[in-house]
Novice: 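This is the structure I have questions about; it appears just below.
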Amino acid sequence: LTIGPPLPKAMYDFSMLDMHRNPYVIGGFDKNWAVQSSIYQLSCSSGLCSWTTLNQQLKVARGYLVAMPVQDNYCN
C-alpha cells in the first residue's frame with residue numbers, strides 16, 4: 001500500500017471516479033461542511049503524484065453525489 005498526496009483541502013462525502021487512468025474527485029464538503037463545486041485530478045509522472053484543481057467546476061455545488069463517465073456522443 002502506498003499513500004498518495006493529500007487533497008488540496010480536507011474533503012468529505014465527495015464522488016470519485018477514474019477516467020483514462022486518472023482519478024478525479026468531484027464536489028463534496030469541506031472541513032466546515034460547506035458544499036463544494038471543485039473538481040480535482042490526480043496525475044502521476046515518474047512516480048511523483050499531485051492533485052490539480054481543474055478550471056471546470058460543477059454548475060451547482062453538491063455533496064453526496066454520484067458521478068460517472070459518459071461518452072461524448074451522449075452529451076450532444
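In this text, all values refer to a predicted model and were calculated from it rather than measured experimentally.
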Novice: Restricting to ring pair (Phe, Tyr, Trp, His ring centres under 6.0 Å), what partner residues turn up for Y40, sequence neighbours left out?
Specialist: none

Novice: Hey, mind stepping through I26 and L65 against side-chain contact (heavy atoms from CB on, under 4.5 Å) and telling me if it holds?
Specialist: CA-CA 8 Å; I26 302 169; L65 69 150; 3.9 Å; yes

Novice: For atom CG of D72, is the number of surrounding heavy atoms from other residues, nucleotides or ligands below 6.0 Å larger than 12?
Specialist: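 Incorrect, the count does not exceed 12.
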
Novice: With disulfide bond (SG atoms under 2.5 Å apart) as the rule and sequence neighbours excluded, what pairs involving residues 1-33 come up?
Specialist: none

Novice: Please check this pair: side chain of D30 against backbone of N32, looking for a donor-acceptor N/O pair closer than 3.5 Å.
Specialist: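 Present.
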
Novice: Considering only distance and modelled atom types, tabulate donor-acceptor pairs under 3.5 Å from the side chains of residues 49-58, sequence neighbours left out.
Specialist:
from	atom 1	to	atom 2	distance (Å)
W51	NE1	P5	O	3.1
Q57	OE1	S37	OG	3.3

Novice: Using a 3.5 Å cut-off and no angle test, enumerate the donor-acceptor pairs between side-chain atoms of residues 7-24 and protein atoms at least two apart in sequence or in another chain.
Specialist:
from	atom 1	to	atom 2	distance (Å)
K9	NZ	Q36	OE1	2.8
S15	OG	A67	N	3.1
D18	OD1	N22	N	3.3
Y24	OH	Q41	NE2	3.3

